[in-house]
Each structure stands twice: as structure tokens, then as C-alpha cells.
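One-based numbering along the sequence shown.
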Amino acid sequence: MTSPFPPSRNEVCKSPQMFLYVLLCCVGVVHCYGNGRVSEVCGSMTPNHGSNSAQSSTAPFNITADKTTFKEGDQITVLLNSQSGYQFEGFMLQARRVGSTTLIGTFTVTDSSVQLLSCDGVANRAVSHTSDSKKSSIQAKWTAPTSGQLGDIEFRATFAKGFSTFWVGVKSSTVAYNGTGTSSATPNTQTVSLVSSNPDCGKTKVCFSQPSNCDPTANTGCYFMAVQTSSNQSEMRIEMFGQASGYVSIGFSDDQEMGNDDIYICGKDSSGNLQVQHAFSTGKTAPTILSLVNVTNINTALTNRNINCSFTSRNAISTGSRASSTSEYYLMIAAGSASSQGNIQIHTSKYVSSTKANLQDPSQVITGAEEFPVIVKAHGCLMLISWMTTGSIGMLIARYLKGVAKDHGCCGKDFWFMAHVSLMALSVTATAIAFILVFSYARDWSGGAHPVLGCLVMILSLIQPIVAAFRCEPQHERRFVFNWAHSFIALAIKGLAVAAIFTGLALFEEYKEDGWMLKVMGGFVTWEALMYILQDLNLRAKKKDSEICSFRSTGPETVLLVLFILGNLPFLIALLVGIGRS
């Protein structure tokens, strides 16, 4: 029999026998997943059925509720049934706010053919099948929350008739909320200009913005958050504002790095309407969405690309996977795009406060921290100068300009040799300074490819002059060993340095969409390769007593070197400016 949904990872890994069973089932097309444990697709409600997609026709299945209205704590019986002649093998049932992806309430079941699922870390949020046997109807009971932000709901289900035939997001009729609590604002009743925070910043509210002290009511380029807490910090009134295509989020953190942060997201759901979500950030992966629970008085506004939300939260701030009683946190603002299903994507803008903010002390001035400290920028600039300019020129001179100003120099050494040694010594010195600067700042191993490449460049840069110091005389019969070793180490340093620069620029542009600095570096590498090709062609021509071109008394190799330097400078300056502005 075919199965509509994949099993949970935990079930697959319970025993070697189960793992072998799954491997056997995966031959060809996956047909063996019938246990209905599909919590990982709670958000999309879409089965992982290979390349098969959901049906666009009207589903031959219905969802009915025994009530048309509800209030806090009410129970509603929900019935899934099929039209005559149809049956379904798998299903998933949820309750969601109308026009939102937010799950609400909990389910109970009595039938052994169905089971309860956890979604977003909350138990009993959804119902699914336990086997792929044919079904005509399923019944479950839904219980409304007794507190929190409530509003009109609808029941949604995915029905799988078979492996390749399924319908996603089948909806029931709307069940209206008629309780006594505060109903959440629907998309048609959103208010505009919710933020009125600047006059109260420093008086009753702790505020953080980028640019500093910008006014969200007057500046659409302003990213802004404000927090007003009760005396015992049991309640917070939070406001956020920013320009983004998908979402704006704010966070409370114990440090200035993303990970182990308590965050609130104001973003578009699958219908394009704004919703507020509470989440816990685990780092550079998608945050874990939490239940809103004690979040009330939600107001949202979307005007052009300006996203604006305010709400009251009675949830304790949790960092490091545990609730904390402290009132001091680094404040964060991030913004970015969202998928068509309403799932947030990696942020394109991120701002962090320079110091911790005491949420109970509105009088303090909170400013933004530089995303990259000056010491890190200095590291990047020194590495660019070393291996884009001084190192590259030094290598070109050693390879192609030995015949220029021959027998002219200083201290018995030719000019080309003095220029080569000076430039390479400058490159190694700048590399060492850059190396020391970044490690004195980080004081730890950050991980990733960039520090590995940087360490290799530093090690080889120190080995190269040591090898050169012990070289034998030019006429020695084994001089070729030094020549080959010196050339090989130089080539390795150059390749590793270029790779280190690319990975370093990628860190500077990690959250930028255009990636223009990487493109500039790509242009420089192309330019340098072209110059090497022309120099090599000229060198081959000279061996045949010819030249690729004539410039009167100036040799082609000298003209090409000057041309390389002139072309090198725009690339270098552009990247230095880009790092300075990061």
C-alpha cells in the first residue's frame, strides 16, 4: 500500500531493523510511510511525495464542525468525510486563525485509527492517520484556548487519496469567535500609524533604532523597536517598525551574536496579511516558532513595504533555552523576505545594540553596534592590499621583469630582485599584522573555511622567506630544487590568499542580496589572469627574439606591469570602500 506522509526521524532511527526497512522501501519511489507522524510538515501541510504536487481541482472531501461560533474553552466536534465513491488513506487536520498560518487550540481523539501531533513544539496541535487503510470519515474534538489572543477560526486539512493524488489546505466554514476576550485584528480592520513611540523614548520606553534616533513616523528607512515594561517586568508593550518585503523581527539576547535569542516576528502569512509570531532563535537556521500564549492586543499595519506591529506580551523572556529573571539584554532588529507559505527567510538587514539595555530603565541611550568592528575591517583591508597589490606586483616582477634594468641595482643585487624582496616582505608583514589583529579580536576559533585558509596563508608566508634565505647559488647543480619549491609555495600562497579573500568578502556580504564585492573580486581575478597571459605570451616571444608589441625604448613587460597596476587600483579601492562601509 502507498503512504501519504513520511515518518518522523526518531521513528526511523529507533532500530537498525527499522533503518533497513526504510532503505528497502526507498528503492525506486518511496511507498512505505504510513504511520502519519508528520509533524515536520505542520506549516505547509504538504506531503513529501517526491515530485508529485497537490491537486488543483475541488477536493471530494469535506470538513464540518458542529458549531458556528465559539468562546474560550469551548469544544467543537470536527468531522472529516468523503463524497460517495471516494476514500482517503492519509490526512492532517489543524485549526488556524482565519487568514493566518497561526495554529490555535488543541485536539483530542478516541479513535485508534487517528493520532495527535505536536506542531511548533506544542502538543496536540494537529490530528493525522496511524495507517494507510482506506477511510470514509474521521472525527476529532477541538478545544479552544481559555486565554490569549482569540479570533475567528477555520479548520484546514490535507487529504491523500493515494501517493500521487492529494489535496492540501481544504477549509471548513468559518467558526466565529464570540467570547469576552480581545479579538485579534483581522486584515480588514488593520489600523495605520501604530507607532507613536519617539516622544516616549527615554521617558517610558526603551527604544532602539537604526539609524540612531530615527523617527519611524517620518522616516520610512527607519528600523525601530520600543519596549515598555511593567514595574515587575511581568508585562511588556512591544512595538516594531521597518521596511521589508516579508517580515521585521526584534530579539532579546545575552550577546551580540544570533542564537539562543527570544524573538518576535511581524511578517506576512501565506495570504499576504501580517501576523505576529513568538519564536526562539537557534542561530543561522530557521527559528523555532513558539505558541503566542500570553500575547494580546495585537495591532498590525502594512503600508507599501512598511511593516508595523505592536502588542502586549506576558511571556517571560527566554535566552539560552531557559527563562531568565534579568532585565538586561542586547536588542536586535532583523528584516527580510518570506516565502509564499509565510515562512521567514534569512534576513537581509540586521542591527544589534552596542550595549545591553536595561528594560526597566528607559532613560538610557541605546545605540547600534557596528556589524563589523574597526579591527576586523583593518584585517580585511590589510589582506586585500597584501595579496591584491603588493604581493601580486612582487610576483609579476620576479617572473617577467628580470631582464629590465639588468646589472643595475643596489648592494650587488639587480633592481628586479630588490623590488621583489621589498614588496614580498611588505606583503608578509601586512599579513602577519592582519593575522594578529583578527585573532586578538576574536580570541577564539570562529570555524568555517576562512580562518583555515588564512592560517595556511600565514604559515606558508613565513616558510617562503626561510626557504629563500637558505637557497644555494644560482650556478649550483641543485638550484632547480629551490626554484621549483619557491615557485610552488608562491603559487600555493596566491591561490589560498585569493580563496581567503573570497570567503572573507562573503562574510562581509553574508546578509546582502547583491553581493557586489564578490563580483568585484571576480573581476580582479579575471584582470590579473589576463595580465599573466599577456606577460607569458611576451616572454615566449622574447625567447624567439620577438615581442608581442613595441613601445620604442620601453619593453612590453614594463608597459604591461604599469597597465596591471592602473587596472588593479580601481578594484582595490572599490573593495576597501565596501569594507569600510560594512
- Derivation and outcome, salt bridge (charged side-chain N to carboxylate O under 4.0 Å, His left out), residues E235 and R237: CA-CA 7 Å; E235 180 177 295; R237 183 65 184 171; over 6 Å; no
Within the side chain of [X], is there an N or O that forms a donor-acceptor pair under 3.5 Å with the backbone of [Y]?
X	Y	result
H129	V114	no
E154	R96	no
T503	A449	no
T174	A176	no
N297	T312	no
K161	W167	no
S270	G342	no
Q345	N343	yes

Show your reasoning for whether side chain to side chain contact (heavy atoms under 4.5 Å, CB included) applies to Q94 and C119.
CA-CA 10 Å; Q94 299 175 354; C119 291; 4.2 Å; yes
Handout entry: Result of checking R97, Q275, Q277 against T102 for side chain to side chain donor-acceptor pair (under 3.5 Å)
Key =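 Going through the options one by one, the only one that passes is Q275.
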To the nearest 0.5 Å, tell me how far [X] [atom1] sits from [Y] [atom2].
X	Y	atom1	atom2	result
M45	L93	CE	CG	7.0 Å
Y330	T319	OH	OG1	12.5 Å
N52	F163	CG	CZ	5.5 Å
N124	T106	CG	OG1	6.0 Å
L103	R156	CG	CZ	9.0 Å
S137	F61	OG	CZ	12.0 Å

Give the minimum heavy-atom separation between [X] and [Y], together with the two atoms involved.
X	Y	result
G169	T158	N-OG1, 3.8 Å
V170	A59	CG2-CB, 3.8 Å
L80	A157	CD2-CB, 4.4 Å
T229	V227	CG2-CG1, 3.8 Å
A335	V248	CB-CG2, 4.2 Å
S112	T130	O-OG1, 3.5 Å

[X] side chain near [Y] side chain, heavy-atom distance below 4.5 Å:
X	Y	result
T300	L302	no
N62	F159	no
K350	M258	yes
K356	Y329	no
I263	L290	no
T296	F311	no
I289	I265	yes
W142	V127	no

Quiz item: Does atom CD of E257 have more than 12 heavy-atom neighbours, drawn from other residues, nucleotides or ligands, at distances under 6.0 Å?
Solution: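 No - once you tally the heavy atoms of other residues, nucleotides and ligands closer than 6.0 Å, there are 12 at most.
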- Aromatic rings Y223 and Y351: how do their planes relate, parallel, tilted or perpendicular, breaks at 30° and 60°?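 Y223 vs Y351 ring planes: tilted.
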Can you say whether the rings of Y177 and F70 are parallel (under 30°), tilted (30 to 60°) or perpendicular (over 60°)?
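Geometry flag for F70 against Y177: tilted rings.
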>> Less than 4.0 angstrom from a charged side-chain N to a carboxylate O is my criterion; do K134 and E89 meet it?
In response: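 Answer for the salt bridge query: yes.
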Practice item. Start with the C-alpha distance between S313 and H278, add both sets of side-chain angles, then the distance that settles side chain to side chain contact (heavy atoms under 4.5 Å, CB included), and finish with yes or no. Key: CA-CA 10 Å; S313 175; H278 186 202; 5.9 Å; no
Item to complete: Run the numbers on L274 and C266 for side chain to side chain contact (heavy atoms under 4.5 Å, CB included), then give the verdict.
Response: CA-CA 7 Å; L274 289 182; C266 177; 4.2 Å; yes
Which is it for M240 and I333 under the side chain to side chain contact (heavy atoms under 4.5 Å, CB included) test, yes or no, and what are the steps along the way?
CA-CA 9 Å; M240 65 177 82; I333 302 175; over 6 Å; no
